[in-house]
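Report on one structure; see the data block that follows.
Each ligand, and each atom within it, is numbered from 1 in the order the structure gives. Being a predicted model, the structure only gives us computed values, none of them experimental.
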Amino acid sequence: MKAPIRVAVTGAAGNIGYALLWRIASGDCFGADQPVILQLLEVTPALDRLRGTILELEDSAFPLLAGIVGTDDPQVAFAGVHAAFLVGSRPRTKDMDRADLVRANGPIFVGQGAAIGAVADPNVKVLVVGNPCNTNALIARANAKNLPSRQFTAMTRLDQNRAEAQLALRLGTTVSALRNVFVWGNHADTMYPDVSQATVDGKALGPLLDAAWLKGDFIQTVATRGKAIIVARGASSAASAASAAVDHMRDWVRGTGDRIVSMALPSEGWYGIPEGLVFSFPCRVDAKGAIQVIEGLPLDDFGRARLQLNVDDLDAERKAVADLL
Ligand code: NAX
């Protein structure tokens, strides 16, 4: 058996946490031979709820679960961690617009970024799920400048998974037949699901589908899926978000081979995206866990315009949190 790795999850007593912790503890994320120590962070008023979650984790008797820490102190939660899922943040309420949400949640990621920079393993892999996740990742990264920027990512995998599901339904197949669907930009309704590299059973997917549907209903359905779930369920997506977080981290830790996946990370100028903006790109991950953005893929005028919408929003968010960077 391998030595245990330490994994931090923030917002661990919340809805996504309740689905995510079980997937991590069962081995779905880091592998069936990789024990984990869970280091769970919550705000002080939620510590009782967190204790309940921990009792249930204990009762699940996972063979790979080598220890559990529950705390309201980021210095304890991030100590020595190899992977960190930053899920905890306050959800958007009816009276808030996106700018309010950035201002409300941004400060959380100042303290957490600094704690990660100070006490986490130097090779820690950070995945930000809490919204607005791209800009929260930007803030966390800015407060941990001792670590390489490619160790900070935000989650657009749920958008990718939603896109794959819609494509599979349209084609009358299953997602297992699909490869290389990915998403550009921000985790927001401006994101752009790109099928230019996608295949179904090894054949190019684009020509099999109506271009008007791809540019219209397809993008619209993926972009508004979060709202559709809130309307239908009375609560925001939780299990599917946890599943996407597992997909993202599993691919980062174990590699993608030649598959293309979506990961949002601080731009190094790829595709003309301003440096530092946390933007979702087509990526591969090598066997050592290094992320490579795939450069030189074609973008038509429609795609370029979609990317610019995302740049405009992320730029505005970056300006709104300039004092936190
Ligand atoms: P919940 O409100 O159920 O849980 C959030 C938890 O975070 C709560 O238990 C709260 O006490 C805790 N928390 C708040 N501030 C904290 C802090 N400073 N440190 C530690 N914990 C803190 O929300 P949930 O449904 O779990 O969603 C969590 C976040 O994920 C939200 O911001 C949500 O918008 C975001 N999402 C992101 C998605 C993505 O694709 N990137 C999709 C799903 C989800 O909407």
Side-chain angles (χ1 to χ4, degrees), residues 8-23 39-54 69-78 84-93 96 98 100-102 104-116 126-140 143 153-163 183 185-191 193 222-230 233-249 262-265 278-280 324:
V9 178
T10 74
N15 285 311
I16 294 176
Y18 199 65
L20 176 60
L21 296 171
W22 270 258
R23 298 283 305 277
Q39 302 190 173
L40 309 180
L41 182 69
E42 260 298 347
V43 289
T44 313
L47 284 179
D48 275 343
R49 235 173 343 113
L50 180 61
R51 208 174 71 79
T53 303
I54 292 174
V69 176
T71 180
D72 57 0
D73 182 351
Q75 302 285 330
V76 174
F78 295 120
F85 295 84
L86 307 190
V87 181
S89 59
R90 61 171 285 190
R92 186 159 145 188
T93 44
M96 293 171 101
R98 220 178 151 78
D100 296 330
L101 189 68
V102 176
N105 283 333
I108 296 173
F109 295 84
V110 173
Q112 293 185 0
I116 289 169
V126 180
L127 169 60
V128 180
V129 175
N131 279 324
C133 62
N134 294 56
T135 295
N136 290 338
L138 171 84
I139 296 168
N143 288 278
T153 63
M155 187 169 94
T156 49
R157 187 62 172 262
L158 181 55
D159 306 281
Q160 176 188 318
N161 287 351
R162 287 167 172 168
V183 164
N186 194 6
H187 170 63
D189 53 13
T190 50
M191 59 83 232
V222 176
T224 56
R225 190 68 164 186
K227 285 188 196 110
I229 286 163
I230 291 174
R233 215 172 81 86
S236 61
S237 17
S240 56
S243 205
V246 168
D247 289 342
H248 177 121
M249 190 62 87
S262 320
M263 288 180 165
L265 72 165
V278 174
F279 201 91
S280 184
L324 307 179

Q. What residue and atom, counting heavy atoms only, is the protein's closest point to atom 4 (O) of ligand 1, and at what distance?
A. Gly14 CA, 3.3 Å
(Q) Quick test: of every protein heavy atom, which one is nearest to atom 32 (O) of ligand 1, and how far off is it to 0.1 Å? (A) Ser89 OG, 2.7 Å
Grab the two heavy atoms, one from [X] and one from [Y], that are nearest each other, plus how far apart they are.
| X | Y | result |
| --- | --- | --- |
| Phe78 | Thr10 | CZ-CG2, 3.7 Å |
| Ala223 | Asp189 | CB-O, 3.4 Å |
| Ala104 | Arg90 | CB-CD, 3.9 Å |
| Ser280 | Val183 | OG-O, 2.7 Å |
| Arg162 | Ser237 | NH2-OG, 3.1 Å |
| Met191 | Val222 | CE-CG1, 3.6 Å |

State the atoms of ligand 1, each with its element, that fall below the 4.0 Å cut-off from a heavy-atom position in [X].
| X | answer |
| --- | --- |
| Ser237 | 43 (C) |
| Ala241 | 42 (C), 43 (C) |
| Gly88 | 7 (O), 13 (N), 21 (N), 22 (C) |
| Gly130 | 29 (C), 30 (O), 32 (O) |
| Ile108 | 15 (N), 18 (N) |
| Gly11 | 6 (C), 7 (O), 12 (C), 20 (C), 21 (N) |

What do you reckon, does [X] have a nitrogen or oxygen under 3.5 Å from a nitrogen or oxygen of ligand 1?
| X | result |
| --- | --- |
| Asn131 | yes |
| Val129 | yes |
| Gly17 | no |
| Asn15 | yes |
| Arg90 | no |

Expected output: side-chain [X] to main-chain [Y] donor-acceptor under 3.5 Å:
| X | Y | result |
| --- | --- | --- |
| Asn136 | Val87 | no |
| Asn143 | Gly111 | no |
| Thr71 | Leu40 | no |
| Gln39 | Ala77 | yes |
| Gln160 | Ser262 | yes |

Q) Would you call Arg157 a ligand 1 contact, heavy-atom distance under 4.0 Å? A) no
Q | Ala238 near ligand 1 by a heavy-atom separation under 4.0 Å | A | no
Is it the side chain (CB and beyond), the backbone, both or neither of [X] that lies under 4.0 Å from ligand 1, heavy atoms counted?
| X | result |
| --- | --- |
| Leu158 | side chain |
| Val87 | both |
| Cys133 | side chain |

**Q.** Gap separating the OG1 atom of Thr135 from the CZ atom of Phe109, nearest 0.5 angstrom
**A.** 10.5 Å
Q) Would you say the side chains of Asn134 and His187 form a donor-acceptor pair under 3.5 Å? A) no
Look at [atom] and find which of [options] reaches it with the closest heavy atom.
| atom | options | value |
| --- | --- | --- |
| atom 27 (O) of ligand 1 | Ile16, Ile230, Leu127 | Ile16 |
| atom 22 (C) of ligand 1 | Leu50, Asn136, Val43 | Val43 |
| atom 40 (O) of ligand 1 | His248, His187, Arg225 | His187 |
| atom 19 (N) of ligand 1 | Arg49, Gln112, Glu42, Gln160 | Gln112 |

